[in-house]
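Below: one structure, written as C-alpha cells.
Given the structure is predicted, the values throughout are model-derived calculations rather than measurements.
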Amino acid sequence: MEKLLISACLVGENCRYDGKNCFNPLIEKLKAKYELILICPEYMGGLPIPRAPSERREGMVVSSKGVDVSVEYEIGAKLALFLARENNVVGAVLKEKSPSCGTHYIYDGTFSHVLIEGMGVTAELLHQHHIPVYSEDQIEELL
C-alpha cells in the first residue's frame, strides 16, 4: 500500500494552535487507499499545544506575541521530510493556510486574516525535495 504524509489535524488530532482539529471526513476514503503517516510539524518542532498563532513574515515565522518561532518550524519541517523519505511516501496532504502546511495559501504575516499565495515552511521543504503536496481541498484527486 502506498503511503502519504498527512497533517494530523485533518485526521482529528487536537494539535492545531488552538488545541482543536480540522477533521476532514474524506480521510476515511484515503485510509482505504493509503497508509497515512500523521505529522504535526509545529508540535514536532517543539511548540506546545495550544500555542500562539503564527504567520510567515519576511523569511521568518513570528507568533502573534512577536516571538520568532522560525527554528521550531524549520525543525518540524526537517522531521517531516525525514519521515517522508523514511516511508517513501507518494505525497503529502497538508492543512491549507497553515504557516507550516499551507500548500497554496498562507496568511500575510500581519495577523489580519489576509491570505496570500504562498507555502508553509514544511510544504515548501517537501516541494523542494520533489514530494508532491496537496491541500485538504485536493483529497479527491488522490482517490
Heavy-atom pair of closest approach, residues [X] and [Y]:
| X | Y | value |
| --- | --- | --- |
| V121 | A77 | CG1-CB, 3.9 Å |
| K33 | L143 | NZ-C, 3.6 Å |
| F111 | P53 | CE2-O, 3.6 Å |
| G76 | T122 | C-OG1, 4.3 Å |

Report yes if the side chains of [X] and [Y] come closer than 4.5 Å at any heavy-atom pair, otherwise no.
| X | Y | answer |
| --- | --- | --- |
| E42 | S54 | no |
| L83 | M44 | yes |
| V133 | L5 | no |
| V89 | L4 | no |
| V93 | I139 | yes |
| Y107 | V114 | no |
| C40 | E13 | no |
| D18 | P50 | no |

Calculate, to the nearest 0.5 Å, the distance between atoms [atom1] and [atom2] belonging to [X] and [Y] respectively.
| X | Y | atom1 | atom2 | result |
| --- | --- | --- | --- | --- |
| R51 | S63 | CZ | OG | 11.5 Å |
| E117 | H104 | CD | NE2 | 9.0 Å |
| F23 | E28 | CZ | CD | 5.0 Å |
| T110 | R57 | OG1 | CZ | 8.0 Å |

Same hydrophobic cluster for [X] and [Y], using side-chain heavy-atom links shorter than 4.5 Å among ILVMFWY?
| X | Y | result |
| --- | --- | --- |
| L94 | L79 | yes |
| L126 | M119 | yes |
| L30 | L10 | yes |
| F82 | L36 | no |
| L142 | V90 | yes |

Does a salt bridge link E124 with R56, judged by any charged N lying under 4.0 Å from a carboxylate O?
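Yes, E124 and R56 are salt-bridged.
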Between [X] and [Y], is there a donor-acceptor pair closer than 3.5 Å when you use the side chain of the first and the backbone of the second?
| X | Y | result |
| --- | --- | --- |
| E96 | Y105 | yes |
| S70 | V61 | yes |
| S7 | K95 | yes |

